[in-house]
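Here is how names work: the chains are called A, B, and so on, in the same order as the sequence lines, proteins then strands, and each is numbered from 1.
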Amino acid sequence: MNLSSAKEALASILGQEFVQMEGQTLVVFPANAEEISAVFKKATTEGFKVAVVGNEYKGGFAEEPQLVVSTSRMNKILEVDRDNMLVIVQAGMNTAAFQQELLEGGLYFPPDPMNKSTSTLGANVATRAAGPNEASHGEVVDFMLGLTAVLPNGEIFKVGGKNYKNVAALDLNRFYGGSYGRLGVITELIFRLLPKPEVTVSAFLKFPSVKDAAQVASLLTTGGVIPNKLEILNRELIKQVESEWPAEFLADGIVLMELEGYQESIEYQKEIIIKSLGDKVKEFVELSDEQAAKLWQLRDKIGTNPTVLEKQMHLAVDPTKLLEAVNAIFDVKEGSLGLAIQGSAARLYPIFFGLDEDKELQVKDKVQQAIKGLNGVVLRDGLDYNPETNSEVELTNNLFAIFDPNGIMVV
Amino acid sequence: MYEAVVAQLKEIVGSKNVSVSKEQLINFGFDATLPQYRPEIVVFATTTEQVSKVMKVAQKHKVPVTPRGAATNLSGGSLPSSGGIALSLTKMNKILEIDTENLVCVVQPGVVNQDLQDALAGTGYFYPPDPASMKVCTIGGNIAECAGGPRCLKLGVTRDYILGLEVVWPDGRVSTLGGRFAGDRDLDLVRLMVGSEGMLGIVTKAWLRLKPVSEAKKTMLAVFHEVVDASRTVSDIIAKGIIPLTLELLDNLLINCAEDFAHIGLPRDAGAILIIEVDGYAPELDRQVETIQKMCEANNARDFQIARSAEEVDKLWTARRIVIGAVARKRPSYSLQDVTVPRSNFPVISEKIVEISKKYDLPIGILAHAGDGNLHPIALFDARDKDEVDRVHKAEEEICQIALDLGGTISGEHGIGLAKMDFLRWQLSPAAIDLIVGIKKTIDPNNILNPGKMVEVS
């Protein structure tokens with residue numbers, strides 16, 4: 001294969017400025033599904049390995065691709081269908097920009113992945129992204145009604161549509177959830193939407209320890225109001241990774257919550273929450289819009305910090321065992337322990353700082369044992385595809401091969 | 001040829017759980033659609049291990065297996081159309097765990113939906129999917145069909161409540177996909193299985209997500225002269241930012257069928273009624289009810305009532321739930337369609353259905369989960385009248401075509417099965433159908449699990 005002649009051929013399809021050579025890799029920026037189709041046909045003839053990215057190519061694939069397809073130019077909302085409360089959007093659109101544009105029109109796309117400021121909707125689907133409100137609203141994939149994708153053989157394929165209910169044969173829409181780019185390129189998505197909540201408020205609570213904060217989370221989830229978001233952070237985590245966090249909102253245990261609903265019920269929800277907290281909380285601080293925006297942005301920043309992503313564990317326990325899980329983690333703690341908790345779903349993200357590699361592995365192993373002792377599980381996050389931890393590797397690979405029989409896609 | 005197979009099956013599940021008697025074969029040859037077939041062997045499994053061994057025997061002898069629950073299937077998916085084994089999961093009917101505090105319950109596939117609802121009653125929690133056949137249908141069947149019901153606009157469908165599945169694959173291997181905590185974010189095999197119509201694997205255990213019951217609910221009845229006014233009301237309510245729990249529509253024919261049976265004082269001369277429910281926190285409902293009333297009045301509602309007692313609510317829902325059975329008093333047979341259109345096209349399709357009813361000289365009633373655009377046109381006829389049956393088939397085809405022309409789907413919640421196989425290629429491109437066939441062949445290379453359904457596998 002000859003990269004420079006391939007570059008010319010691709011440039012004749014896409015235009016010179018949309019084909020770049022980076023080392024031994026050609027990065028292309030197609031404008032639509034038809035162009036991607038032509039690109040894939042070329043890649044197949046050349047025997048290229050192909051990868052898909054939402055924005056720029058930063059490497060990091062298991063096998064080096066000769067061709068990278070970026071969806072970054074496919075970044076627009078194509079249709080807002082208010083009557084049917086849905087949207088058709090190009091898959092390369094930035095998630096945060098998408099949410100914002102819809103909100104301005106009174107429409108709400110609830111899934112709120114922490115990497116939304118840099119991620120694309122197509123990548124959210126491919127990695128099954130979700131955010132702190134997953135317990136109340138679900139993951140990005142749950143809002144999918146339809147998609148258009150280009151298969152690795154260049155065929156353009158559409159499934160689903162503008163219908164809220166659709167069981168016409170197997171659910172190929174959601175099959176793209178967790179596909180990590182192995183099924184070709186998603187080019188368009190149809191999502192259902194909700195009306196923008198009348199009121200959204202955020203509140204902040206301080207605790208003398210993260211254990212106290214976790215106990216409060218349990219009280220809330222059984223108290224009649226499950227907040228839309230309920231994030232718990234400890235001081236150590238913030239200290240280690242986020243210098244911009246405002247001092248007045250720092251404590252050993254922090255709860256950041258978000259409530260949404262109708263005007264009449266927001267006050268009511270607050271009352272129920274304050275009542276169920278009892279004397280555990282001295283002050284329920286309702287945040288101004290600016291404060292809320294700032295703290296949630298920092299929460300996202302912590303959640304997507306490269307060190308955090310690399311080092312954190314992802315644990316799930318029954319909500320009733322949340323406090324026990326926190327205690328168990330502290331029991332095996334060595335070095336300094338950063339802890340984030342998604343309270344409403346009882347997901348825990350401990351990080352051990354300041355340990356050498358062997359020690360860190362040992363501690364993580366002890367945490368794993370302790371969590372299993374509580375009938376919990378250790379999950380992994382979906383930012384990378386890792387076949388070794390997939391329990392159905394063979395089946396998954398066989399299913400991928402239906403879409404990509406020549407195995408040209410790399411992840 | 002089957003003698004050896006029968007002997008092996010008896011060894012696996014015990015003699016009393018295998019039958020080849022003519023009566024039993026007839027019993028297990030039908031579902032809620034018209035066609036009937038005969039399996040060659042009826043098998044009841046009581047454990048996952050038995051299901052696994054049955055599949056291994058079937059695989060070895062290349063005997064087709066059609067899994068079934070209560071066989072309330074409305075698309076022919078549980079019909080043993082290739083003969084072989086009808087594998088009933090109805091004896092695997094234990095609720096294994098209910099853990100309301102953690103919003104999880106674990107059930108075997110043969111648990112009847114209503115039995116689960118009853119077990120949860122009074123706990124403050126519920127399992128949202130409630131298909132109209134809930135008194136009879138099983139959770140396993142609900143999963144296989146991705147069953148819906150009247151509350152899908154707000155609460156979603158079966159897919160949205162399945163955390164994990166234990167599955168027996170066609171080769172007898174057993175896997176656990178997802179589980180109590182959903183699972184890793186890999187390729188979502190759980191969602192692939194939900195709605196796979198018993199073609200890919202047999203669900204032997206399911207982890208279901210529960211929801212807290214809302215603290216308050218209001219039920220309303222709005223009466224209209226015309227179907228089109230009722231359907232416009234539905235869009236207007238949602239455009240006001242209200243997502244009702246239910247927006248059920250019955251047209252004149254079905255109002256009368258329901259009233260004949262239930263005698264609750266439904267307006268027999270009305271063009272359509274809407275049963276509207278909103279739920280949430282107590283203080284927020286009054287304003288929603290006011291807005292809904294305004295929308296109904298703006299669309300020429302001739303009457304609007306708010307149910308004053310639980311009894312009144314029960315009566316309305318009884319009328320709604322029995323209506324499909326109640327049509328039997330009018331004519332001996334019915335054909336129930338399941339098309340769905342984008343909600344804004346609901347008024348258009350309801351008018352078209354009236355035209356089709358006239359064109360083919362068939363009474364066709366409209367029952368709809370109007371909030372999500374899912375319609376169940378019911379054509380009433382006599383299966384012994386060949387000419388009438390032909391007209392029913394033509395009407396069905398035309399309804400599906402119109403739904404597709406309006407950007408809809410041929411099935412919102414009943415599945416493809418046998419009944420809609422021929423229509424599927426109108427909706428899906430050859431590429432999509434090839435992928436589905438590919439998935440089927442990969443998981444079931446010998447095509448023994450519920451063969452001949454959904455797509456042709458060559």
Side-chain angles (χ1 to χ4, degrees), chain A residues 81-86 106 127-128 138 141-142 151 155 157-159 161-172 174-175 177-179 194-196 198 222 224 226 261-265 268-269 316 318-320 376-377 379-382 389-392 395-396 398-403, chain B residues 99 101-102 145-146 148 152-153 157 159-160 175 177 179 181 183-189 191-192 194-196 215 235 238-239 241 243 280-281 283-284 287 340-344 372-374 407-416 424 427-429 431-432 435-436 438-439 442-443 454-455:
Chain A
D81 181 344
R82 293 187 160 275
D83 288 338
N84 294 304
M85 211 62 98
L86 55 83
T127 58
R128 290 184 56 194
V141 170
D142 294 323
L151 295 172
E155 188 144 22
F157 136 86
K158 271 180 195 282
V159 69
K162 284 184 164 189
N163 300 288
Y164 274 45
K165 282 157 106 175
N166 186 351
V167 291
L170 301 179
D171 190 352
L172 293 178
R174 285 168 190 80
F175 203 68
S179 62
L194 294 177
K196 182 185 168 189
E198 282 187 354
T222 51
I226 301 176
Y262 293 95
Q263 278 159 13
E264 297 92 336
S265 58
Y268 183 75
Q269 288 186 52
D318 279 331
T320 48
V377 294
L379 298 169
R380 52 177 200 79
D381 277 318
T389 57
N390 179 342
S391 57
E392 294 292 336
L395 175 58
T396 304
N398 291 341
L399 291 172
F400 282 145
I402 301 164
F403 290 70
Chain B
D99 181 353
E101 275 186 307
N102 293 309
E145 300 299 318
C146 189
C152 301
L153 174 66
V157 293
R159 177 202 306 125
D160 300 306
S175 292
L177 310 172
F181 308 105
D184 294 321
R185 300 194 189 277
D186 291 313
L187 187 66
D188 199 343
L189 297 173
R191 286 186 176 89
L192 177 65
V194 179
S196 63
E215 64 168 42
S235 294
I238 297 165
I243 305 287
Y281 295 107
E284 71 195 20
R287 185 159 54 98
T340 303
V341 292
R343 189 172 52 237
S344 57
D372 47 42
N374 186 199
T409 171
I410 58 174
S411 180
E413 56 185 12
H414 295 171
I416 300 303
L424 190 64
Q427 179 166 348
L428 297 185
S429 65
L435 293 172
I436 290 165
I439 293 171
T442 298
I443 295 181
M454 191 188 289
V455 285

Looking at every non-hydrogen atom in both residues, tell me the closest pair between [X] and [Y] and how far apart they are.
X	Y	value
P342(B)	N84(A)	C-OD1, 3.4 Å
L424(B)	A169(A)	CD2-CB, 3.9 Å
G376(A)	F181(B)	CA-CE1, 4.0 Å
A168(A)	L428(B)	O-CD1, 4.1 Å
G195(B)	L170(A)	O-CD2, 4.4 Å

| Heavy-atom distance under 4.5 Å between the side chains of L435(B) and V159(A), does that happen here? |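 No, too far: nothing below the 4.5 Å cut-off.
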
| message | Would you say that E198(A) contacts E284(B) through its side chain, given a criterion of any heavy-atom pair below 4.5 Å between the two side chains? | response |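 They are not in side-chain contact.
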
Determine the option with the most heavy-atom pairs under 4.5 angstrom with chain B, choosing from [options].
options	value
F403(A), Y164(A), Y268(A)	Y268(A)
K158(A), Q269(A), M85(A)	Q269(A)
I226(A), L172(A), L151(A), V141(A)	L172(A)
L86(A), L399(A), N398(A)	L399(A)
L194(A), N163(A), D81(A), I402(A)	N163(A)

| said: Using modelled atom types and a 3.5 Å cut-off, is there a donor and acceptor pairing between side-chain atoms of R343(B) and backbone atoms of D83(A)? | reply: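 The answer is yes, because a donor-acceptor pair under 3.5 Å joins these two groups.
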
Need one label for [X]: side chain, backbone, both or neither, based on atoms under 4.5 Å from any heavy atom in chain A.
X	result
E413(B)	both
I439(B)	both
T442(B)	side chain
N374(B)	side chain
E145(B)	backbone

Between [options], the one whose heavy-atom pairs under 4.5 Å with chain A are most numerous:
options	value
G438(B), S411(B), G415(B), A432(B)	S411(B)
M454(B), E215(B), R287(B), H414(B)	R287(B)
D99(B), L192(B), V194(B), I410(B)	L192(B)
S175(B), S429(B), S235(B), A239(B)	S175(B)
G373(B), G148(B), C152(B)	C152(B)
E101(B), R191(B), Q427(B)	R191(B)

| query | What part of Q263(A) lies closer than 4.5 angstrom to a heavy atom of chain B: side chain, backbone, both or neither? | reply |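 Both backbone and side chain.
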
| query | Of the backbone (N, CA, C, O) and the side chain (C-beta and beyond), which part of F157(A) lies under 4.5 Å from a heavy atom of chain B, both, or neither? | reply |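 Looking at F157(A), just its side chain touches chain B.
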
| Could you give the distance from CZ (R128(A)) to CG (L187(B)), rounded to the nearest 0.5 Å? |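 Taking CZ in R128(A) and CG in L187(B), the distance rounds to 8.5 Å.
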
| said: Whether K165(A) and D372(B) form a salt bridge (side-chain N of Lys/Arg under 4.0 Å from carboxylate O of Asp/Glu) is what I want to check. | reply: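 Judged by the 4.0 Å cut-off on N to carboxylate O distance, D372(B) and K165(A) do form a salt bridge.
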
| Do T409(B) and N166(A) have side-chain atoms, one donor and one acceptor, less than 3.5 Å apart? |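 N166(A) and T409(B) do have a side-chain donor-acceptor pair below 3.5 Å.
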
